[in-house]
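The block underneath contains the structure these notes are about, expressed in structure tokens.
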Amino acid sequence: EHRLGDGSQLGVALHYVRERSAMGTAGALSLLPIRSSGPVLVTNGDILTRLEFARLLDYHRDRDAAATVGAIEHVTTIPYGVLRTDGERLVAMEEKPDVRVQCNAGLYVLEPAVLDPGEPLDMPALLQRALDHDLTVCVFPVVERWFDIGSPEDFQQVLMEFATGEED
């Protein structure tokens with residue numbers, strides 16, 4: 001806030017909301033001064049992406065979703081041969097396979113109906129509530145560059161990539 005002020009020097013209007021006590025990643029949304037009549041775009045503060053957010057919003061609207069979660073694909077290699085078994089019998093063996101999973105990218109679109117005002121709540125719990133109420137929760141594949149800058153080392157690496165234009 002000290003550095004950015006009201007945002008006028010950047011051509012934007014910035015407003016700040018302060019938590020008096022920890023509200024969680026979703027509960028803090030209840031502190032917004034105006035209740036939105038449309039979808040709310042939420043991003044974790046420790047990510048950077050080249051995603052055009054309009055695509056995420058369009059995807060959410062096209063599916064008439066109550067909530068949409070951005071997802072990145074994470075690939076990890078199992079460093080051992082993986083055994084496929086049926087009971088105690090070996091059925092197949094795969095040497096050092098890659099495992100691909102969809103992971104939360106820290107990007108969300110939420111309809112006002114899924115927001116529970118005034119209650120401490122983390123985003124996974126909010127999404128689970130939506131699922132428990134049979135609301136549509138969609139997953140949006142983020143294929144653009146996505147960076148987690150959750151540590152000083154990650155932040156420095158991303159700064160270098162942006163400064164040089166070189167990506168891994």
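Along the sequence shown, residues carry numbers from 1. Computed over heavy atoms, backbone and side chain alike; hydrogens, waters and symmetry mates excluded.
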(request) Check whether any side-chain N or O of Asp148 sits under 3.5 Å from a backbone N or O of Gly150 as a donor-acceptor pair, and report yes or no. (result) yes
(request) Tell me, please, which residues at least two apart from Asp64 pass side chain to side chain contact (heavy atoms under 4.5 Å, CB included). (result) none
Hey, can you pull the donor-acceptor pairs under 3.5 Å for the side chains in residues 81-90, sequence neighbours left out?
unit_1, atom_1, unit_2, atom_2, d
Arg84, NH2, Glu94, OE1, 3.3

(message) Applying side chain to side chain contact (heavy atoms under 4.5 Å, CB included), can you list everything that pairs with Ser37, at least two apart in sequence or on another chain?
(response) none
(message) Assigning hydrophobic clusters by single linkage (Ile, Leu, Val, Met, Phe, Trp, Tyr; side-chain heavy-atom cutoff under 4.5 Å), is Leu51 placed with Val69?
(response) no
(message) How long is the straight-line distance from CD1 of Ile72 back to CD of Glu144, given to the nearest 0.5 Å?
(response) 12.5 Å
(request) Evaluate the side-chain proximity of Ile78 to Val99: yes if any heavy-atom separation is below 4.5 Å, no if none is. (result) yes
(request) Please list, chain by chain and in numerical order, all residues satisfying side chain to side chain contact (heavy atoms under 4.5 Å, CB included) with Leu131, sequence neighbours excluded. (result) Gln128, Val137
Just list the side-chain donor-acceptor pairs under 3.5 Å for residues 3-17, sequence neighbours left out, or say none.
unit_1, atom_1, unit_2, atom_2, d
Asp6, OD1, Ser8, N, 2.9
Asp6, OD1, Ser8, OG, 2.7
Tyr16, OH, Gly5, O, 2.7

(request) Would you check, one step at a time, whether the test side chain to side chain contact (heavy atoms under 4.5 Å, CB included) holds for Gln102 with His74? (result) CA-CA 6 Å; Gln102 294 295 308; His74 179 74; over 6 Å; no
(request) Give, for atom CZ of Phe140 and atom OG1 of Thr68, the distance between the pair rounded to the nearest 0.5 Å. (result) 9.0 Å
(message) Under the rule for salt bridge (charged side-chain N to carboxylate O under 4.0 Å, His left out), what residues qualify as partners of Arg18, not counting sequence neighbours?
(response) Glu1
(message) Taking atom CZ as the centre, does Phe155 end up with more than 12 heavy-atom neighbours from other residues, nucleotides or ligands that are less than 6.0 angstrom away?
(response) no
(message) Just verifying a value: how many Å separate Glu52 CD and Leu57 CG, rounded to the nearest 0.5 Å?
(response) 12.0 Å
